[in-house]
Amino acid sequence: MRLTILGGGGFRVPLVYGALLGDHAEGRVSHVTLYDEDPARLAAMTRVLADLAAAAAVPDAPAVTATRDLDEALRGAAFVFSAIRVGGLDGRAADERVALAEGVLGQETVGAGGIAYGLRTVPVAREIARRIARTAPGAWVINFTNPAGLVTEAMAEELGDRVIGICDSPVGLGRRIARLLGARPDEAWIDYVGLNHLGWVRGLRIGGRDELPRLLADAEALESFEEGRLFGAEWLRSLGAIPNEYLHYYYFNRDTVRAYQEAGQTRGAFLRDQQRGFYAEVGRAGLPAGAALAAWERTRAEREATYMAENREAAGAGERDESDLESGGYEKVALALMRAIARDERATLILNVRNGSTLSVLDARSVIEVPCLVDANGAHPMGVEQLPLHAAGLVTAVKAVEREVLAAAASGSRADAVKAFALHPLVDSVAVARRLLDGYAAAHPGLAYLR
């Protein structure tokens with residue numbers, strides 16, 4: 001079985017390949033094709049993957065090839081992982097800088113930064129979806145590209161239910177809660193609902209019993225893990241739920257913007273500089289065996305330790321604990337999804353899929369993030385309780401913004417793009433929205449289509 005990774009020179013590709021090395025079941029991936037427009041990044045990742053395979057000493061490790069030809073990469077693929085970054089980390093750094101100059105959030109998936117990233121990415125994602133539909137019509141597409149819900153919805157216009165978005169945040173959150181409650185994560189049912197980076201754990205059932213109220217009643221336990229320290233026990237009890245970490249940008253927006261403005265460097269600028277150093281190191285001639293993998297592991301450890309540092313500073317949450325450093329494992333979610341489809345092994349996973357009739361406040365084509373039953377026919381959203389008004393308000397407002405981004409990317413209309421910025425809950429003025437778009441258009445040649 002052949003897997004193609006779009007954005008194959010990306011930093012997190014070794015996570016996927018490492019997960020594949022540990023999969024020895026029937027019908028496993030035998031060949032991985034890396035596609036990227038940057039030859040230096042492709043060469044670096046090929047080195048890291050070779051080191052990974054050598055360290056694993058797996059006799060039948062998936063073969064790896066690299067190409068800059070998209071159609072060549074897609075031909076014969078059973079699965080396509082889309083993990084592109086339009087504009088690169090330079091683009092992310094600019095997104096943050098332009099927004100902060102206007103006193104609003106520039107995070108890559110939330111607020112003005114997410115809108116700018118979406119306006120750059122949606123036209124490219126739509127073209128990729130068309131190429132997949134033409135060149136590999138039988139392939140299943142697993143979308144990693146941020147903003148994941150928005151991009152999955154754009155690709156679904158061409159691919160329907162054959163594109164599924166994934167994110168590791170809900171899985172990581174559910175795993176931390178289950179362990180606090182003394183349960184194995186794979187034995188717990190996580191009642192999670194929302195949009196990508198805008199969702200809530202509303203219950204966690206173990207043996208049919210909802211154990212979340214037990215956690216909410218224990219302030220010490222609540223504030224012993226990352227989300228508890230970010231939001232505080234009092235606010236979590238008020239909500240009666242545990243929000244995804246990204247909701248910190250909404251609930252504590254002013255505090256977070258101030259922390260970002262006072263930081264010496266934005267997250268995007270930090271990652272840009274960090275990865276420049278990594279790719280330069282791995283690209284050197286004469287690198288000894290294992291050195292590329294060692295450099296990647298060292299860089300990744302620093303990346304994880306500094307994740308959402310400004311939010312933790314704003315909340316007074318301190319450094320990340322070792323237990324917080326473990327993500328949901330997006331590569332493990334992707335592999336579980338791929339297994340369930342390819343082998344018809346039923347699994348329940350939290351995924352980004354089209355709504356259908358799951359949430360009554362949204363239309364059928366809206367991509368939402370909810371538990372899904374996965375089998376050979378794809379991912380099917382499971383029934384959930386409807387959202388309370390405060391959550392429904394946020395979800396519908398952000399979905400309206402996403403629709404304006406999709407409209408602007410299709411029409412090239414400046415008016416639609418301004419409307420996307422102006423309607424976002426974290427942008428407080430139409431005048432600011434216009435200045436944001438002007439700033440992003442000046443920073444990104446890829447937004448020249450807006451007129």
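All values below were derived from every heavy atom in this structure, side-chain atoms included, with hydrogens, water molecules and symmetry-related copies excluded.
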With sequence neighbours excluded, what pairs up with A77 under the side-chain contact (heavy atoms from CB on, under 4.5 Å) test?
T4, V80

Residues in salt bridge (Lys or Arg N to Asp or Glu O under 4.0 Å) contact with R92, at least two apart in sequence or another chain
E96, E108

R237/E234 ion pair, N-O < 4.0 Å:
no

Determine whether L173 and I242 satisfy the following criterion, side-chain contact (heavy atoms from CB on, under 4.5 Å), listing intermediate values before the conclusion.
CA-CA 9 Å; L173 173 56; I242 312 292; 3.7 Å; yes

Report the C-alpha distance between L394 and W200 in whole Å, list the side-chain angles of each, state the deciding distance to 0.1 Å, and finish with yes or no for side-chain contact (heavy atoms from CB on, under 4.5 Å).
CA-CA 12 Å; L394 273 177; W200 298 262; 4.3 Å; yes

Main-chain N/O of T299 paired to Q274 side chain as donor or acceptor, under 3.5 Å:
yes

Please find the pair of heavy atoms, one from L222 and one from L236, that lie closest to each other, and give the distance.
CD2-CD1, 3.9 Å

Could you note down all residue pairs passing side-chain hydrogen bond (donor to acceptor under 3.5 Å, both in side chains) where residues 387-398 supplies at least one of them, sequence neighbours left out?
none

Does A93 offer a backbone N or O that forms a donor-acceptor pair with the side chain of R272 under 3.5 Å?
no

Side chains of S366 and D363: donor-acceptor distance under 3.5 Å anywhere?
yes

Return all side-chain donor-acceptor pairs below 3.5 angstrom for residues 10-21, not counting sequence neighbours, or 'none' if the list is empty.
from, atom 1, to, atom 2, distance (Å)
Y17, OH, P62, O, 2.7

If the condition is ring-ring contact (aromatic ring centres under 6.0 Å, His included), which residues does Y35 pass it with, not counting sequence neighbours?
none

Considering the options K332, R339, R28, which one meets the salt bridge (Lys or Arg N to Asp or Glu O under 4.0 Å) requirement together with D23?
R339

Just by distance, no angles: are the side chains of S411 and D416 close enough, under 3.5 Å, to form a donor-acceptor pair?
yes

A side-chain contact here means heavy atoms from C-beta on lying under 4.5 Å apart; do V151 and N146 qualify?
no

Which pairs with one or both residues in residues 422-437 pass salt bridge (charged side-chain N to carboxylate O under 4.0 Å, His left out), sequence neighbours excluded?
E102-R435

Enumerate the side-chain hydrogen bond (donor to acceptor under 3.5 Å, both in side chains) contacts for residues 440-451, please, sequence neighbours excluded, ordered by first and then second residue.
D95-H444, R120-H444

Would you mind reporting whether V374 and R346 have side-chain heavy atoms less than 4.5 Å apart?
no

Does a side chain donor of either D161 or H380 reach within less than 3.5 Å of an acceptor in the other side chain?
no

Test R176 against L180 for side-chain contact (heavy atoms from CB on, under 4.5 Å), laying out the working first.
CA-CA 6 Å; R176 287 188 284 276; L180 271 173; 5.8 Å; no

Polar side-chain atom of E245 near backbone of E227 as donor-acceptor pair, under 3.5 Å:
no

Tell me every residue that passes ring-ring contact (aromatic ring centres under 6.0 Å, His included) with F144, counting only those two or more places apart in sequence or in another chain.
F81, Y330

Between I166 and L337, is any pair of side-chain heavy atoms under 4.5 Å apart?
yes

Short N-O contact, D438 and R414, less than 4.0 angstrom
yes

Flag the pair V427 / L436 as yes when at least one side-chain heavy-atom distance between them is below 4.5 Å, and no otherwise.
yes

Would V384 and R202 count as a side-chain contact (heavy atoms from CB on, under 4.5 Å) here? Give the steps.
CA-CA 10 Å; V384 296; R202 304 181 302 179; 3.9 Å; yes

For the CG atom of L198 and the CG atom of L247, what is their distance to the nearest 0.5 Å?
5.0 Å

With P170, which residues qualify under side-chain contact (heavy atoms from CB on, under 4.5 Å), at least two apart?
C167, Y192, N244, I350, E369

Between the CG atom in L74 and the CD1 atom in I132, the distance rounded to the nearest 0.5 Å is 5.5 Å

About how many Å separate OG1 of T109 and CG of L150, when rounded to the nearest 0.5 Å?
10.5 Å

Between N143 and T152, a side-chain donor and acceptor under 3.5 Å:
yes

For A408 versus L119, what's the shortest heavy-atom pair and its separation?
CB-CD2, 3.8 Å

Nearest non-hydrogen partners of L212 and G240, listed with the distance
CD2-O, 4.3 Å

Search all heavy atoms of F421 against all heavy atoms of A433 and return the closest pair with its distance.
CB-CB, 3.6 Å

So do the side chains of F225 and R179 get within less than 4.5 Å of each other, counting heavy atoms only?
no

Between R300 and E302, does any side-chain N to carboxylate O distance fall below 4.0 Å?
no

Salt bridge (charged side-chain N to carboxylate O under 4.0 Å, His left out) between K419 and E404: does it pass, once the steps are laid out?
CA-CA 7 Å; K419 192 175 178 184; E404 295 301 331; 3.5 Å; yes

Partner residues of R134 under the salt bridge (Lys or Arg N to Asp or Glu O under 4.0 Å) criterion, sequence neighbours left out
none

Closest heavy-atom contact between Q261 and G103?
NE2-CA, 3.7 Å

Is it the case that R205 places NZ or CZ above or below the six-membered ring of W189, under 6.0 angstrom from the centre and within 45 degrees of the axis?
no

Does atom CD (E385) have a neighbourhood of more than 12 heavy atoms from anything else shown, all under 6.0 Å?
no

Indicate yes or no for a side-chain donor-acceptor contact from N355 to the backbone of S357 under 3.5 Å, with no hydrogens or angles considered.
no

What is the ring orientation for H197 with Y246, classed by angle as parallel under 30°, tilted 30 to 60°, or perpendicular over 60°?
parallel

To check you understand the geometry: which heavy-atom pair defines the closest contact between A188 and L204, and what is its length?
CB-CD2, 3.7 Å

Would you say that V257 contacts Q107 through its side chain, given a criterion of any heavy-atom pair below 4.5 Å between the two side chains?
no

Got a sec, which pairs hit salt bridge (charged side-chain N to carboxylate O under 4.0 Å, His left out) with one end in residues 392-402, sequence neighbours left out?
E153-K399, K399-E402

Verdict with supporting geometry, R214 and E211, salt bridge (charged side-chain N to carboxylate O under 4.0 Å, His left out)
CA-CA 5 Å; R214 179 160 63 89; E211 299 289 348; 2.9 Å; yes

dist L351:CG -> C372:SG (nearest 0.5 Å) comes out at 4.5 Å

Taking only residues two or more places apart in sequence, or in another chain, which ones meet D186 in a salt bridge (Lys or Arg N to Asp or Glu O under 4.0 Å)?
R184

Would you check if V32 and V29 make a side-chain contact, meaning some heavy-atom pair closer than 4.5 Å?
yes

Quick one: does any side-chain atom of T121 pair with a main-chain N or O of G118 as donor and acceptor, under 3.5 Å?
no

Using distance alone, with no hydrogens and no angle criterion, decide if R2 and T33 have a side-chain donor and acceptor under 3.5 Å apart.
yes

